[in-house]
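So the structure is just underneath, and the comments pick up after that.
Order of the sequence lines fixes the chain letters, A, B, ..., with proteins taken first and strands second; residue numbering starts at 1 for each chain. A quick note: this is a predicted structure, and the numbers were derived from the prediction, not measured.
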Number of protein chains: 2
Amino acid sequence: MNQEHSGSGDPAKSLELLWRRRPAPTRGPKPAQTVDGIVAVALQVADAEGLAAMSMRRVADELGVGAMTLYRYFPGKGELLDVMLDTVYGELPRRVVPGDWRAALDEVARENRELYLRHPWLLQVAINRPPLGPNVMAKYEWELTAVEGIGLTDLEMDATVALVNGYVHGAVRTAVEARQVIQRSGMTDKEWWLAHVPHLDQIGDLDKFPLSSRVGTAVGNEFDAPYDAEHAFEYGLERLLDGVSVLVGNRTAPEG
Amino acid sequence: MNQEHSGSGDPAKSLELLWRRRPAPTRGPKPAQTVDGIVAVALQVADAEGLAAMSMRRVADELGVGAMTLYRYFPGKGELLDVMLDTVYGELPRRVVPGDWRAALDEVARENRELYLRHPWLLQVAINRPPLGPNVMAKYEWELTAVEGIGLTDLEMDATVALVNGYVHGAVRTAVEARQVIQRSGMTDKEWWLAHVPHLDQIGDLDKFPLSSRVGTAVGNEFDAPYDAEHAFEYGLERLLDGVSVLVGNRTAPEG
DNA sequence: GGTCAACTGCGTACACTGTACGAAGAATAG
DNA sequence: CTATTCTTCGTACAGTGTACGCAGTTGACC
């Protein structure tokens, strides 16, 4: 599936929508819907059935209105997605944990992970040039505080936050895809592998890939439970923070 | 956009297609097309105009045949994507570099990066349960050799390769999206930011986000050239390999 | 109170998508 | 020569986002 991208209309209109600063019109019939009401329904559909199911007609049906009615409240689907994104970002607790930068970055990673797991469709919306709504701004600010005052340059701070966010995105994406592929196919990874081995053996000389066979089998035997995603996440996060720690150590104690 | 997922038909048919083991039929007219010919055209379209442009009708038009003709060669679009994926994986040089595991993992990361940059649509096809074609198998085998014999368990080997691949995927995705958003909007990130600041200032109290303002401005000033993607990639890869190095160090010298 | 501008709701239409179905014709086995 | 198998592909269907324009409602102003 494709990446959904957000609205590209003029900034003023978009920000008005995100910050709910649209001046109420004086004339004409009172609108029967609200931006928040539409967003709530859209979120319900996207959370329960995925972005692919969240068509404009579907959201409109759910509200009992015609499809084109939505376009009185949002210039297009992109802007609706923008507001949805900013809305769910508001669910982040944004806890400031006591301790060092590592504990803080760990918290950032975990909260983002929770959010992605709760709203998997987030994985499919582009994060470049995010809609600058109140919650998007607050999230970025909170993430930067995790790496403030530990000797990094501004550029390194941004790169580090982006690195952690990118990691979480990838890890959750893998986990969510794994969950979905099991549902869609009705097979676990192990069953899938076992269904392919006989044909592969006959067709493609499985002996030519000894490492793959060995490691693939080990992975299949060990990891067929949903806990493997948790495990992989922890493993990767440890590696990543270890890596950041090398950089931070160099900065705080410059003379190695 | 949504993630495209691959064919879910029976393994035998899929593997037959991937390894080109379809028995030639004895009766009936000779097919005018070939699997490879169709894949070549599909790749051309996907590389040049993205997955969204690569519809079945479009590929068929390009070949001068009817759309349904393609379904004589592939059960569905998913299987066509499977063969495309395995085909471009064949472009990997799969160099085995002299030196330690770090040099080898570095090479893995860089070759994958090159591949993603050359075929950005790869970022949009699901990588869970990849089509087990010859090149997919060879790629995995080659990646595992990079971390073989350095004291990691089979599970850690797989996790490490997945970690590096996941990182590259995320980093290139960000870079490619950045490139595309500049093309689509005709604005650099800096121009985009400067177009929003006045409205944000008026609407949303920019002073409430001091770190974001400071770091955002620094990033905007410094990174408006395409080289920032290169920079971010190097930075993240360093951190990641540093993290792996901590683990490998512990394994090879168990008593810390 | 009447008029007009502004506004809401929304039906219809258009150009797309993947692909199921089945008809028409070609090539070969018997 | 016939029957079978195979290829090509037109048509159709249920979707998608959204441009356009019409009908009806509301409030501001004279």
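We find that CE of A:M56 is positioned 8 Å from C1' of D:dG17, with the value rounded to whole Å. If you take CG of B:L70 and C1' of C:dA20, they are 15 Å apart, rounded to a whole angstrom. For the pair B:L63 CG and D:dT7 P, the interatomic distance rounds to 16 Å; values are reported in whole Å. In this structure, A:M54 places its CE atom 15 Å from C1' of D:dG15, rounding to the nearest Å. Rounded to a whole Å, the CZ atom of A:R58 is 15 Å from the C1' atom of D:dA14.
Comment: B:R58 engages B:E49 in a salt bridge, judged by a side-chain N to carboxylate O separation of less than 4.0 angstrom. Salt bridge B:E111/B:K139: absent, no basic N to carboxylate O contact under 4.0 Å. Ion pairing between a basic and an acidic side chain is recognised when a charged N comes within 4.0 Å of a carboxylate O; B:R57 and B:E62 show no such pairing. Using a cut-off of 4.0 Å between Lys/Arg side-chain N and Asp/Glu carboxylate O, B:E177 and B:R173 are scored as salt-bridged. A salt bridge links B:R129 and A:D189; the closest N-O separation between the charged side-chain nitrogens and carboxylate oxygens is under 4.0 Å.
Residue-environment remark: CD (B:Q202) stays at or below the threshold of 12 foreign heavy atoms within 6.0 Å.
B:F74 comes within 4.0 angstrom of no nucleic acid atom, judged by non-hydrogen atoms across all strands. When heavy atoms are screened at a 4.0 angstrom cut-off, A:A67 is found touching no nucleic acid atom at all. The residue A:A60 sits apart from the nucleic acid: no heavy atom pair falls under 4.0 Å.
Interface remark: the A:R57 side chain does not form any donor-acceptor pair with the D:dG15 base, using a distance-only criterion of under 3.5 Å.
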*Reading nucleotides 22-30 of chain D from the 5' end, what letters show protein touch, with B for base, S for backbone sugar-phosphate only, - for no heavy atom under 4.0 Å?*
--BBBBS--
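Set against D:dT8, D:dT7, D:dT18, the side chain of B:P25 has D:dT7 as its closest nucleotide.
Taking only side-chain nitrogens and oxygens, A:Y73 comes nearer than 4.0 Å to OP1 or OP2 of C:dG9. A close approach under 4.0 Å does not occur between any side-chain nitrogen or oxygen of A:Y71 and OP1 or OP2 of D:dG17.
In terms of position along DNA chain D, the nucleotide closest to B:Q33 lies nearer the 5' end than the nucleotide closest to the other residue of the pair B:Q33 and A:M68.
Geometrically, B:R113 engages B:F233 in a cation-pi contact defined by less than 6.0 Å to the ring centre and at most 45° from the axis.
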